[in-house]
Each structure stands twice: as C-alpha cells, then as structure tokens.
*Asks:* 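Here you go, one structure.
Along the sequence shown, residues are numbered consecutively beginning with 1.
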Amino acid sequence: MFYHSKELQYKARVSRPDARFARLMLEQFGGANGELSASMQYFLQAFACHNPYPEKYDMLMDIATEELGHLEIVGATIQMLLTGATGNLKEVAERGPIFEEEFSKEDFIHAGFANNPQFGVVSGGGPIFSNSNGFPWQATYINANGDLTVDLRSNLASESRAKITYEYLMQFTDDKYVLDTLNFLMAREVAHYQQFEAALEGIKPNFPPGIYQCDPRYTSFYSNNSTDEQPVRAAWNKGRSTQLDEEWNYMGDPRREVLRTQGLTELKAEGSPRTPSSVEAHDKKLGKRRAEEIRSSTPKGEQCWCDYDEEREPVEA
C-alpha cells in the first residue's frame, strides 16, 4: 500500500526559469540511469526475495519508494524550470501572443524548445518520461535477475551511474537552489550504494554470483591480448585474485597456450587450491543450501503475501 504526502522529501526550489537545463534534467527523470529506472528496478527485484530474504525485501521496497519521491523532486524541478510555458501555451487558442513581454516566445523557444521541442508539442510545458534527447523511457533499462547477489551488484552499478550523472549535471547550472537539490539527490545515491553493499555483504558466500563456483582452470588466468613490447603487470594479472584468492596465471602468449593445451582443455589450475571435483561438490552443497532457504520460507497450500496484524513487530535484519 502506497500513500502520497504532498511535501517533497527535499525542499526543491529554482531561482529562475531555465528551459535548457530542464532538458538536461530529463536524464534523471526518464533516462536509463534516472529515478524512474531506479525505483522500478528495486521494486521488481523485491518480489523474488519476499520469502527467503524478508529483511532485504523491506530494504528494496523502502529504497524503491524513496526513489519515487526523488522522481517527484526531479519532476517538480523540471516543471519550475519551465515556468511560464504551460499557461502561456494555452493562449494559442485565441491566436494571440502566447508569451508575455518579459519572457518572450522567441526567448523561450531559443532557450529550450529548439533543443527539445517535445516540451512544447507533446507535454505542453511539463516533464516527460524521456531522456534528455527525447527518447522514451523503456523497461529494458531495468535489471532484475532473480538472484539477489546479482541484483544487488546491478544496484551498486545503478547508484554509481546515477551519482556521476548528478555530478555532471551540476556543471551545467549556476542556480544555487537547483544545485542544492542536485547535491541532496547525489548524496542519497551514495547512501543507497552503501545500503546495497551492506546487504550484499550479508549474503555468504556471494562470489561468484549465483550457485556455480566455476572451473578453477579458467578463473585464474590472464590473457595478454596486446602486442606491447612491455606488457602491463598489475593487480589484475599478478599476485592473488581479489575474491577467489587464486594466483594469477599470466599468459604472455595466449595463442601458444591455446595450441599447447588443445584449446585450453588440458590447461591446469595452477595457483588455485580448488579443483574441478571440489568445485562440483561445493556447487551441489551450495545449491541445496539456497534451495532450502527458499523452500523453508515458502508456505505450502494457500498463500497470503502479508498479514494485517496491527501489533506486528518490524522485521529485523
């Protein structure tokens, strides 16, 4: 159950109309990394973890709902930046001047409509669910894979992209009130990143994502596919790997290794304590564990998504 509060989460204000920047703000309204995308992504992801991870269902729904509030903040800011357009456009029915002298038609057209005519011919001077180039929002922006360790990593990437978009947007306005709003929204992306990170850390094991732990012969080699005379050696191809703690096997001449090992089928898992047989055993064990987590939390027979106990205690993580 959702309800709407008329008060915005943050006091959004603008100093003056700015149709050019309104167009840029659409990126966070209906763009791939915007607030609508984030809200729908977290909302969709929550369903798969309702029973096995009720505390994470609660977190995802909380953040999804907050993102809807951020969508309202962005939409309100766009509307204020387009001040004057909605009412003035209505005067076209009388075939008279549609803009007042202090804010002429030519000024407004050159400021925003020339860059994004949809403000004038589609939305009547309000925000639209598109990115800054006018491409409509689409559900393909959403990432929900049904495995929480995958979904949470997608969310970390989503929050990172949203944060950097706000950072870029701040370079294109000098309106102190708009900057205040962008600063707030950007900071909340950082907060959500940390929340998703903490949730991922609470699932063990969580790497590699999913169940299959993958063949150690192929998780621990680096293929040098460059032709530089002085190849780069760094943390991603020497020493031990960050997650599996395996010694990197550096292939300086990958073609030779492919030929020598019959297309890598005879490659050995050097530097890894894991073996194909131990990985297979671990896969089966982890598969049973994850399956039991879901089965044990799924009621048999008639099901009800929630109860309506007035005295119900909040779920603790």
Side-chain angles (χ1 to χ4, degrees), residues 32-33 37-38 41-42 45 56 140-168 186-187 189-287 289-290:
N33 304 311
S37 296
Q41 177 162 305
Y42 309 154
Q45 290 173 353
K56 295 177 177 65
T140 53
Y141 296 154
I142 303 304
N143 290 293
N145 297 99
D147 185 291
L148 196 53
T149 65
V150 177
D151 285 344
L152 288 172
R153 286 185 168 90
S154 292
N155 297 351
L156 293 176
S158 295
E159 296 294 331
S160 298
R161 288 191 295 268
K163 190 269 183 185
I164 202 66
T165 301
Y166 280 123
E167 189 171 316
Y168 290 154
M186 181 176 65
E189 309 296 352
V190 173
H192 294 163
Y193 183 102
Q194 295 175 97
Q195 290 160 358
F196 290 135
E197 188 176 46
L200 178 61
E201 187 63 23
I203 304 174
K204 295 294 185 181
N206 65 40
F207 188 88
I211 303 299
Y212 293 124
Q213 299 300 290
C214 300
D215 194 321
R217 294 176 298 171
Y218 308 130
T219 56
S220 59
F221 76 77
Y222 179 87
S223 180
N224 177 37
N225 296 316
S226 303
T227 58
D228 298 338
E229 293 183 2
Q230 295 182 334
V232 175
R233 300 301 305 274
W236 53 84
N237 62 24
K238 73 174 182 178
R240 304 196 74 80
S241 60
T242 59
Q243 298 286 337
L244 296 174
D245 194 31
E246 297 172 333
E247 186 73 27
W248 284 114
N249 173 19
Y250 183 82
M251 289 186 181
D253 187 344
R255 181 175 182 275
R256 184 179 66 83
E257 285 297 305
V258 167
L259 296 175
R260 183 183 70 81
T261 60
Q262 296 297 304
L264 301 180
T265 58
E266 297 177 0
L267 187 69
K268 300 194 182 302
E270 300 176 0
S272 174
R274 303 185 305 142
T275 65
S277 59
S278 71
V279 166
E280 183 179 359
H282 188 80
D283 290 346
K284 292 179 180 178
K285 182 178 179 180
L286 183 58
R289 175 176 165 181
R290 293 285 188 256

*Asks:* Once you round to the nearest 0.5 Å, how far does CZ of R233 lie from NZ of K238?
*Replies:*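 Atom-to-atom, R233:CZ and K238:NZ are 7.0 Å apart.
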*Asks:* In this structure, which one of E197, H192, Q194, R161 forms a side chain to side chain contact (heavy atoms under 4.5 Å, CB included) with L156?
*Replies:*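 Checked E197, H192, Q194, R161 against L156; only one passes side chain to side chain contact (heavy atoms under 4.5 Å, CB included): E197.
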*Asks:* Kindly write out the residues that satisfy side chain to side chain contact (heavy atoms under 4.5 Å, CB included) with V258, not counting sequence neighbours, or none if the list is empty.
*Replies:*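 If we apply the side chain to side chain contact (heavy atoms under 4.5 Å, CB included) test to V258, skipping adjacent residues, the hits are L264.
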*Asks:* Please check if the number of heavy atoms outside Y212 that lie under 6.0 Å from its OH is greater than 12.
*Replies:*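 Not more than 12 within 6.0 Å, no.
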*Asks:* By the ring-ring contact (aromatic ring centres under 6.0 Å, His included) test, which pairs, at least two apart or in different chains, include something from residues 240-264?
*Replies:*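 Every ring-ring contact (aromatic ring centres under 6.0 Å, His included) pair that includes a residue of residues 240-264, provided the two are not neighbours, is Y222-Y250.
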*Asks:* Using the test salt bridge (Lys or Arg N to Asp or Glu O under 4.0 Å), find all partners of E201 that sit at least two apart in sequence or belong to another chain.
*Replies:*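 Salt bridge (Lys or Arg N to Asp or Glu O under 4.0 Å) list for E201, sorted by chain: K204.
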*Asks:* Side chains of L267 and M251: does their closest heavy-atom pair fall under 4.5 Å?
*Replies:*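 L267 vs M251: side chains touch.
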*Asks:* Quick one: does any side-chain atom of S272 pair with a main-chain N or O of R274 as donor and acceptor, under 3.5 Å?
*Replies:*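 Yes: the side chain of S272 pairs with the backbone of R274.
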*Asks:* As an exercise, state the distance from CG of N155 to CG of N143, rounded to the nearest 0.5 Å.
*Replies:*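 With rounding to 0.5 Å, CG (N155) is 8.5 Å from CG (N143).
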*Asks:* Does any part of the side chain of N206, heavy atoms only, come nearer than 4.5 Å to the side chain of L152, both counted from C-beta?
*Replies:*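 No, every pair of side-chain atoms sits at 4.5 Å or beyond.
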*Asks:* If we ignore hydrogens and angles and just use 3.5 Å, is the side chain of S37 paired with the main-chain N or O of N33 as donor and acceptor?
*Replies:*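 Pair absent, no side-chain N/O of S37 close to backbone of N33.
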*Asks:* Does Q213 use its side chain to pair, donor to acceptor, with the backbone of I211 at less than 3.5 Å?
*Replies:*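 At least one qualifying donor-acceptor pair exists.
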*Asks:* For K268, give me all partners under side chain to side chain contact (heavy atoms under 4.5 Å, CB included), at least two apart in sequence or on another chain.
*Replies:*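 Only E270 meet the side chain to side chain contact (heavy atoms under 4.5 Å, CB included) criterion with K268.
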*Asks:* Indicate yes or no: at least one non-hydrogen side-chain atom of R289 is less than 4.5 angstrom from one of P205.
*Replies:*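 A side-chain contact under 4.5 Å exists here.
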*Asks:* Run the side chain to side chain contact (heavy atoms under 4.5 Å, CB included) test against D245 and tell me which residues pass, sequence neighbours left out.
*Replies:*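 R240.
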*Asks:* Among side-chain atoms of E246 and T219, is any donor-acceptor pair under 3.5 angstrom?
*Replies:*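 Side chains of E246 and T219: pair found under 3.5 Å.
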*Asks:* Does the side chain of F207 reach to within under 4.5 Å of the side chain of L244, using non-hydrogen atoms?
*Replies:*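 Contact flag for F207/L244 side chains = yes.
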*Asks:* Answer yes or no: is there an ion pair linking K163 with E159, defined by an N-O contact shorter than 4.0 Å?
*Replies:*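 Here K163 does not pair with E159 in a salt bridge, since their nearest N and O are not under 4.0 Å apart.
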*Asks:* With sequence neighbours left out, which residue pairs that include part of residues 215-226 fulfil the salt bridge (Lys or Arg N to Asp or Glu O under 4.0 Å) condition?
*Replies:*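 Counting only pairs at least two positions apart or across chains, the salt bridge (Lys or Arg N to Asp or Glu O under 4.0 Å) contacts touching residues 215-226 are D215-R217.
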*Asks:* Apply the side chain to side chain contact (heavy atoms under 4.5 Å, CB included) test between R153 and each candidate in N145, L200, L148; give the one that qualifies.
*Replies:*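 The side chain to side chain contact (heavy atoms under 4.5 Å, CB included) with R153 is passed solely by L200 among N145, L200, L148.
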